[in-house]
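So the structure is just underneath, and the comments pick up after that.
In each ligand, atom 1 is the first atom listed, and ligand 1 is the first ligand listed. Heavy-atom basis, side chains included; hydrogens, waters and symmetry copies ignored.
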Amino acid sequence: MLILGLESSCDETAAAVVEDGRAVRSNVVASQHELHAEYGGVVPEVASRAHLERLTPVVEAALRDAGVGFGELDAVAVGNRPGLIGSLVVGVSAAKALAWSLGVPLIGVDHVEAHLYAPLLDTELAEREVYPALGLVISGGHTSLYRVDSPTALVRLGATIDDAVGEAYDKAAVMLDAGYPGGPSLDRLAQTGDPTAHDLPRPMLGKASLDFSFSGLKTALLYKVRGKPVGRGAESRFEQSAADLNESERTDLAASFQAAVMDTVERKLQRALMGLQEEGVQIKTLLAGGGVTANSELRRRLPAFGERHGLRVGVPPMAYCVDNAAMIAGLASHRLHSGETDGLDLPVFSTTRE
Ligand code: KG4
Ligand code: ZN
C-alpha cells in the first residue's frame, strides 16, 4: 500500500511516499529558512506564499524519488492540524485536489501525533513491542508528554504553559547572537561551553505537575547576557549586549541554558513514568518526536534514560525529527486501516486534537 503524504503546517514544504506505513520510499523537504532569516522568525504570509510555489515541484520530486506514478497511489494524506492556518490550507487544498482527481481516499493527520509516529518509520517493530509508550513531543510549537496506547490513541499528561522548548531555543539564540535557525545554532554553540558555568532555573511547577514553563529560564538568560535592566517602564534599558561577551562567555551561557532545559525535560519524563507505573501502566517504550529531537544533548540523554529505566527508546533518525511528510504518510496508513478517511470538506485547525 502506497500513501503520498503532504506537510505544510509551518515553514517546511514536504512530500513523501511511504509503503505499508513504515518503509519510506521518498522524503522531500523544501525548507524556507532563507526566506524568514531576515525577520528572525517565521512570517505566516511569506510562508503560505512559499508553500504555494514549492508544493508542486516537491510532490513531483517525491514521486520521482520513490519511482512511483500517481496512478499507483492508494491514498493521499495531509497534515491538517495544528499549524499556521494559511500554510495548512495550501497543503490540504492540494491533497484534496489530488485525492479527488485520482479517486483515492483523503486522510487528514494530526501533525503532533505524526511526530510521535516518526520513530517507527523504517523499522519493523511490532506494535505490541512499542505500546503502551511514554511520548515526548518537543518542537517549535509543542512541549508535551503523552501516554500513547497506539499510533492514534494519545492521552496528554502535560504541556508547556508558555514557550515550547524549540521556541525558547530560537529566542535564546537571538539573545546570544547565535544565528538562524536558532535551535541548531545554539546546540552548536553549547558544544564547547561549560554546562555548569551558570546556575539557571529548572522550573518544576510544583511537586506533581507534568507541565512545563520556559519563560522564566528565558528571562534569566536574558539578564545574564544583558545585565538587569536599568530605569523604569518605557525608560528601562539594558546596559550590556551580546556583543560585549567573549566567545567562552557565549558558549558557557549556551551550554548552561541547554543543561537547564534538558534537566527539566528529563525530570518531567521521570515523573511521568513513575506516575504511569503507579497507575499500573507497564510502559514499554519512550517515543520522542519533533524538531528538538535533533538536539545533540537530548539524543545523548534519551537512550541513557531508557537504559536506566529498562525502556526501549524510539528517537527518529535526523531526517524525521524536523517537519517532514513521511511521518504524515506513515501515520495515515493506520487511519486508513481503521477506515478513518476524510471527506473533501476536511477542515484545518490551528490546534492539536484534544
Ligand atoms: O518539529 P519542527 O520542525 O516544527 C514544529 O512543529 O514546531 O521543530 C522546529 C523547532 C525549532 O524551534 C528549532 O529551533 C528546533 O525545532 N530545533 C532544535 C534543533 N534543531 C531544530 N532545537 C534544539 N536543538 C537542535 N539541534
Ligand atoms: Zn513539527
Side-chain angles (χ1 to χ4, degrees), residues 5-14 16 27 29-33 36-37 40-42 44 47 51 78-84 87-88 91 109-119 135-144 159-160 162-176 178-191 193 195 212 214 217-218 221 254-255 257-262 264-265 287-302 315-328 330-331 349-352:
L6 306 183
E7 154 62 34
S8 67
S9 64
C10 190
D11 59 343
E12 261 92 31
T13 315
N27 182 40
V29 181
S31 143
Q32 305 176 3
H33 290 160
H36 304 286
V42 177
H51 284 307
V78 62
N80 73 316
R81 70 188 310 170
L84 301 169
S87 289
L88 288 168
V109 168
D110 185 302
H111 177 98
V112 171
E113 292 178 10
H115 270 310
L116 285 185
Y117 186 80
L136 169 69
V137 177
I138 186 162
S139 71
H142 297 87
T143 302
S144 310
T160 181
D162 42 54
D163 289 6
V165 167
E167 198 181 349
Y169 261 83
D170 292 335
K171 289 176 183 161
V174 172
M175 290 178 208
L176 287 168
Y180 185 88
S185 310
L186 198 90
D187 187 359
R188 250 190 324 275
L189 199 60
Q191 315 251 319
F212 298 90
F214 293 104
L217 170 60
K218 212 176 54 186
L221 178 70
F257 171 84
Q258 179 146 289
V261 170
M262 296 308 165
T264 309
V265 170
L287 291 177
V292 184
T293 49
N295 181 271
S296 60
E297 177 68 10
L298 190 65
R299 295 179 84 80
R300 199 177 58 73
R301 289 193 189 211
L302 291 181
V315 179
M318 292 296 262
Y320 311 141
C321 288
V322 288
D323 289 348
N324 66 87
M327 64 183 191
I328 302 285
L331 181 56
F349 297 97
S350 59
T351 56
T352 186

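- No donor-acceptor pair closer than 3.5 Å links the side chain of H142 to the backbone N or O of T160.
- Taken to the nearest 0.5 Å, the NZ atom of K171 stands 14.0 Å off from the CG atom of L186.
- Under the 4.0 angstrom criterion for non-hydrogen atoms, H111 is in contact with ligand 1.
- Within ligand 1, counting atoms from 1 as listed, the ones closer than 4.0 Å to a heavy atom of A294 are 20 (N), 26 (N).
- The heavy atom nearest to atom 4 (O) of ligand 1, considering only V29, D323, D187, is found in D323.
- The backbone N or O of T351 sits less than 3.5 Å from a side-chain atom of R81, completing a donor-acceptor pair.
- Here is the list of ligand 1 atoms found below 4.0 Å of a heavy atom in G141: 7 (O).
- Relative to atom 14 (O) of ligand 1, the option among D11, D170, N295 with the closest non-hydrogen atom is D170.
- Using a 4.0 Å cut-off to heavy atoms of H115, the atoms of ligand 1 that qualify are 1 (O), 6 (O).
- Distance check, rounded to the nearest 0.5 Å: CD of E113 to OG1 of T352 gives 6.0 Å.
- Of the polar atoms of G182, none of the N or O atoms is found under 3.5 Å from an N or O of ligand 1, judged by distance alone.
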Check against side chain to side chain contact (heavy atoms under 4.5 Å, CB included), M262 and L302: CA-CA 10 Å; M262 296 308 165; L302 291 181; over 6 Å; no

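- Considering backbone and side-chain N/O of V322, none are found under 3.5 Å from N/O of ligand 1.
- For the pair N324 (side chain) and V322 (backbone), a donor-acceptor distance under 3.5 Å is present.
- With hydrogens and angles ignored, the 3.5 Å screen pairs a side-chain donor or acceptor of D170 with a backbone N or O of G183.
- Ring geometry, F212 versus F214: the interplanar angle falls under 30°, so the pair is classed parallel (tilted spans 30 to 60°).
- Of the protein's non-hydrogen atoms, the one nearest atom 15 (C) of ligand 1 is V292 CG2, 3.9 Å.
- Side-chain atoms of D163 do not come within 3.5 Å of backbone N or O of A168 as any donor-acceptor pair.
- In this structure, the side chain of T293 does not engage the main chain of V315 through any donor-acceptor pair within 3.5 Å.
- D110 and N80 make their closest contact through N-OD1, 4.4 Å (heavy atoms, listed as atom of the first residue, atom of the second, distance).
- Residue contact check for ligand 1: P181 places no non-hydrogen atom closer than 4.0 Å to it.
- The heavy atom nearest to atom 7 (O) of ligand 1, considering only G291, G140, S185, is found in G140.
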Side chain to side chain contact (heavy atoms under 4.5 Å, CB included) between S144 and H115, intermediate numbers included: CA-CA 11 Å; S144 310; H115 270 310; over 6 Å; no

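- Side-chain atoms of S8 come within 3.5 Å of backbone N or O of S87 as a donor-acceptor pair.
- Atom 18 (C) of ligand 1 has G183 CA, 3.6 Å as its closest protein atom, hydrogens excluded (heavy atom only).
- For ligand 1, the atoms lying closer than 4.0 Å to a non-hydrogen atom of Y169 are 23 (C).
- Take the Zn ion (ligand 2) and draw a sphere of radius 2.8 Å; the protein N/O/S atoms inside it number 3.
- H142 does not count as a contact of ligand 1, since none of its heavy atoms falls under 4.0 Å from the ligand.
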